[in-house]
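Chain A is the first sequence line, chain B the second, and so forth, proteins listed ahead of strands; every chain is numbered from 1.
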Amino acid sequence: MTRRFYVTTPIYYVNGAPHIGHAYTSVAADVMARFHRLAGDEVFFLTGTDEHGQKVEQAAVAAGVAPKAFVDKVAADFRAMADAMDISYDDFIRTTEPRHIAATQALWTRVARNDAIYLDAYEGWYALRDECFYNEDELVDGPNGQKLAPTGAPVEWVKEPSYFFRLSAFQDRLLALYEQHPEFLGPYGTRNEIISFVKSGLRDLSVSRTSFSWGIPVPGDDKHVMYVWFDALANYLSALGFPDEQAPRMAFWPANLHLVGKDIARFHAVYWPAFLMAAGIELPKKVFANGWWTIEGQKMSKSLGNVVDPRALVQEFGLDAVRFFMLREVPFGGDSDLSRKALIARNNIELANDLGNLAQRTLSLVARNCGGIVPERGPATEEDSKLLAQVALLPELLSAQLERCALTDALEEVWKTIRACNAYIDHQAPWALRKTDPERMAHVLRVLLDAMRGIATMLQPFMPGTMGRMLDQLGVAADERNFAALEQPLPGGRALPPPQGLFPRYVEAEAE
RNA sequence: GGCGGCGUAGCUCAGUGGUAGAGCAGGGGAAUCAUAAUCCCUUGGUCGGAGGUUCAAAUCCUUCCGCCGCUACCA
């Protein structure tokens with residue numbers, strides 16, 4: 001039976017340019033998608049852009065262009081970044097596409113039909129000049145005791161007609177969801193925060209606006225556009241062809257994993273399941289929130305001018321070194337720091353020294369002493385069996401780690417094995433066996449080739465380009481690179497191409 | 001203020017009742033196939049402070065100190 005796996009990134013808000021945080025979530029989702037493909041699952045991997053809302057409208061005005069022209073440009077940039085990072089998305093959805101608009105209106109209609117949406121009025125402190133509402137506690141006192149927005153704009157108490165979603169009615173069902181399915185929401189800290197938030201009491205949610213028009217019209221009431229989160233969250237369904245239950249992709253619902261940044265965990269873990277409950281639609285299996293990146297120890301912000309475009313890093317260090325660094329450095333669900341020093345250290349120690357050099361030393365021994373031909377397997381010694389058993393365990397170990405979104409721990413498992421290979425080659429010393437026992441030397445090298453094939457196969461989701469080249473050098477054919485193929489040893493006698501370095505060491509230019 | 005998380009070797013972190021761990025960094029040694037990479041051994045911690053429960057606590061409880069997050073519709 002083929003299992004289906006549906007994984008999503010958030011759809012990124014086109015308010016600003018793509019940065020390392022977006023790239024990180026996308027790369028993590030990409031690893032999940034690629035891993036499941038190699039495991040033989042049928043995969044659908046969705047990413048895209050969130051293009052409605054007042055902020056986008058304002059940004060377009062500020063840029064002096066029509067909203068559509070504005071979002072076309074920024075969405076294209078997000079897509080270009082996904083391509084630059086080698087994100088293997090199956091579809092890229094934009095919330096301004098007709099298919100999304102139709103699906104979102106259908107979802108709204110279904111929720112409304114189940115009596116979970118009603119018309120009332122949204123009240124609050126409104127600043128005409130800023131065209132937005134402020135919370136009571138954000139206001140400051142002006143000279144005449146007048147209330148002012150933090151921007152200094154005068155505010156007035158206004159009522160605006162708005163549709164509301166009966167979020168309050170779903171409190172108990174949401175708490176039951178978190179309780180009965182502890183795996184639904186992670187990591188642990190985020191889960192606690194969300195539960196505590198829901199327990200503190202939910203108010204109904206305003207889900208439409210009349211104060212701007214850059215959004216999806218509410219079905220049957222064109223004066224309103226939908227609140228951006230109703231619009232945005234619906235993308236996970238609209239890309240599947242919702243509401244057409246017969247659409248081929250609808251079989252991927254419910255989603256297996258929504259990967260999100262921790263700032264939007266609440267929208268995915270509270271509002272989204274509530275919308276779906278209201279619509280009578282099955283819930284996603286898991287929402288997992290990742291942390292933030294700091295840059296050289298500092299928070300990333302426009303005002304500090306330290307916003308990192310991952311493409312600049314790729315330019316300098318290479319795509320796979322950057323992908324590897326992001327996945328290796330971030331502790332499970334936590335925040336992480338991006339520093340030049342750390343990136344270079346990971347690249348040089350783990351990629352160049354541990355893995356790249358292992359491949360290079362093994363392959364050049366095969367090239368020189370075995371005529372570049374894959375030796376037959378020989379009788380296995382205890383050490384041989386031990387190493388190969390460790391490799392054989394990797395698919396199972398990584399599968400378990402990815403199940404809990406522990407990408408860092410998954411890589412650690414592989415690196416333990418890589419270190420074991422380096423220990424093995426030193427202890428067996430094939431360069432010495434060359435003179436004393438050439439047959440055993442060939443067997444040792446064969447063990448290493450098999451071990452490296454397993455390692456490279458497992459690392460493909462993390463570093464697709466470089467591991468592809470490593471498998472080329474190991475003589476592994478294109479259809480022999482999935483997890484199931486590992487059961488079948490390569491036939492001996494295959495000719496290998498001349499070895500070439502995989503990961504160059506990075507040497508920082510000396511500052512005088 | 002309320003709720004929650006974190007505080008373990010120089011650094012990044014793992015470890016939720018049973019004689020303190022990994023990687024990196026530091027020190028010593030071996031090897032020389034290899035991208036001067038690798039391998040072996042090793043220095044180093046009163047597990048934030050104090051008190052308590054227990055035969056036994058980094059691990060449970062109390063309290064204090066420090067850092068961080070959440071506390072809703074502005075992605």
Find every protein N or O atom lying less than 3.5 Å from an N or O atom of nucleotides 34-38 of chain B, and list the pairs.
| from | atom 1 | to | atom 2 | distance (Å) |
| --- | --- | --- | --- | --- |
| B/rA34 | OP1 | A/R368 | NH2 | 3.1 |
| B/rA34 | O2' | A/N357 | OD1 | 2.6 |
| B/rA34 | N1 | A/R361 | NH2 | 3.4 |
| B/rA34 | N3 | A/N357 | ND2 | 3.2 |
| B/rA34 | N3 | A/R361 | NE | 3.2 |
| B/rU35 | O2 | A/F503 | O | 3.4 |
| B/rU35 | N3 | A/F503 | O | 2.7 |
| B/rU35 | O4 | A/G356 | O | 3.3 |
| B/rU35 | O4 | A/L502 | N | 3.2 |
| B/rU35 | O4 | A/F503 | N | 3.2 |
| B/rA37 | OP1 | A/R505 | NH2 | 3.2 |
| B/rA37 | O3' | A/N353 | ND2 | 3.3 |
| B/rA37 | O2' | A/N353 | O | 3.1 |
| B/rA37 | O2' | A/N357 | ND2 | 2.8 |
| B/rU38 | O2' | A/R361 | NH1 | 3.1 |
| B/rU38 | O2' | A/D426 | OD1 | 3.0 |
| B/rU38 | O2 | A/D426 | OD2 | 3.0 |

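- Nucleotides B/rC40 and B/rC61 are separated by 40 Å at their P atoms, to the nearest Å.
- OP1 and OP2 of B/rA75 both lie 4.0 Å or more from every side-chain N or O belonging to A/Y227.
- Comparing the P positions of B/rC60 and B/rU16 gives an interatomic distance of 10 Å, to the nearest angstrom.
- Here, B/rA22 and B/rC39 have their P atoms 15 Å apart, quoted to the whole Å.
- For the side-chain contact (heavy atoms from CB on, under 4.5 Å) with A/N235, the qualifying choice from A/T49, A/T104, A/T8, A/L46 is A/L46, the only one to do so.
- B/rG29 and B/rA20: their C1' atoms are spaced 27 Å apart (whole Å).
- Using a 4.0 Å heavy-atom distance criterion, A/N192 is classed as a sugar-phosphate-only contact.
- Taking the centre of each ring, A/F317 and A/Y506 come in below the 6.0 Å mark.
- To the nearest whole angstrom, the two C1' atoms, one in B/rU54 and one in B/rU59, are 13 Å apart.
- Within 4.0 Å of A/G291, counting heavy atoms only, lies no atom of the nucleic acid at all.
- One can place NE2 of A/H52 at 18 Å from C1' of B/rC74, the figure rounded to the nearest angstrom.
- Base-pair partner of B/rU32: not found among the strands shown (Watson-Crick or G-U wobble, both distances under 3.5 Å).
- B/rU62 and B/rC6: their P atoms are spaced 15 Å apart (whole Å).
- Across all strands shown, nothing is found opposite B/rU46 as a Watson-Crick or G-U wobble partner with both distances under 3.5 Å.
- Pairing of B/rG17, defined by two Watson-Crick or G-U wobble distances under 3.5 Å, is not identified with any nucleotide.
- In this model, the phosphate group of B/rA75 is approached by a side-chain N or O of A/K55 to a distance below 4.0 Å at OP1 or OP2.
- The base-pairing partner of B/rU53, taking Watson-Crick or G-U wobble contacts with both distances under 3.5 Å, does not exist among the strands shown.
- When each of A/A345 and A/Y424 is assigned the nucleotide of RNA chain B bearing its nearest heavy atom, the one mapping closer to the 5' terminus is A/A345.
- Listed nucleotides B/rG69, B/rA72, B/rC74 differ in distance to A/R203; the shortest reach to its side chain belongs to B/rA72.
- Pairing for B/rG7 is with B/rC65, a Watson-Crick or G-U wobble pair whose two hydrogen-bonding atom distances lie under 3.5 Å.
- Within 4.0 Å of A/S200, counting heavy atoms only, lies no atom of the nucleic acid at all.
- The gap from the P atom of B/rG10 to that of B/rC47 amounts to 13 Å, rounded to the nearest Å.
- Listed nucleotides B/rG4, B/rA75, B/rA72 differ in distance to A/L167; the shortest reach to its side chain belongs to B/rA72.
- The aromatic ring centroids of A/Y13 and A/H22 lie 6.0 Å or more from each other.
- Nucleotides B/rU46 and B/rU8, compared at atom C1', are 12 Å apart to the nearest Å.
- Ring-centre distance between A/H224 and A/Y163: below the 6.0 Å cut-off.
- Taking the six-membered ring where the residue is Trp, the centroids of A/Y271 and A/W229 are separated by 6.0 Å or more.
- Rounded to a whole Å, the NZ atom of A/K341 is 19 Å from the P atom of B/rG23.
- B/rU71 atom P lies 11 Å from atom CG of A/D263, rounded to whole Å.
- One interatomic measurement links the two molecules: CH2 of A/W415 to C1' of B/rC24, which rounds to 15 Å at whole-angstrom precision.
- Between A/K199 atom NZ and B/rG2 atom C1' there is a gap of 14 Å when expressed in whole angstrom units.
- Taking the six-membered ring for Trp and the full ring otherwise, A/Y227 and A/F230 have centroids separated by 6.0 Å or more.
- The interatomic distance linking A/I194 (CD1) with B/rA72 (P) rounds to 12 Å, in whole Å.
- Across all strands, A/I11 comes closer than 4.0 Å to no nucleic acid atom at all (heavy-atom distances).
- Taking the six-membered ring for Trp and the full ring otherwise, A/F275 and A/F165 have centroids separated by under 6.0 Å.
- Pairing of B/rC70, defined by two Watson-Crick or G-U wobble distances under 3.5 Å, is identified with B/rG2.
- Between the CG atom of A/L411 and the C1' atom of B/rA22 there is a distance of 15 Å, rounded to whole Å.
- In this pair, A/W214 and A/H52 present their aromatic rings perpendicular. The plane angle is above 60°, beyond the 30 to 60° band.
- In this structure, A/H258 places its NE2 atom 16 Å from C1' of B/rA75, rounding to the nearest Å.
- Mapped onto RNA chain B by nearest heavy atom, A/E193 and A/L205 fall at different nucleotides, with A/E193 at the one closer to the 5' end.
- When the options A/Q171, A/R173, A/E179 are evaluated for a side-chain contact (heavy atoms from CB on, under 4.5 Å) with A/L175, the one that passes is A/Q171.
- Considering every non-hydrogen atom in both A/K299 and A/N306, the closest pair reads O-ND2, 3.0 Å.
- Summarising the base pairing, B/rU59 is matched to no nucleotide, lacking a Watson-Crick or G-U wobble pair whose two defining distances lie under 3.5 Å.
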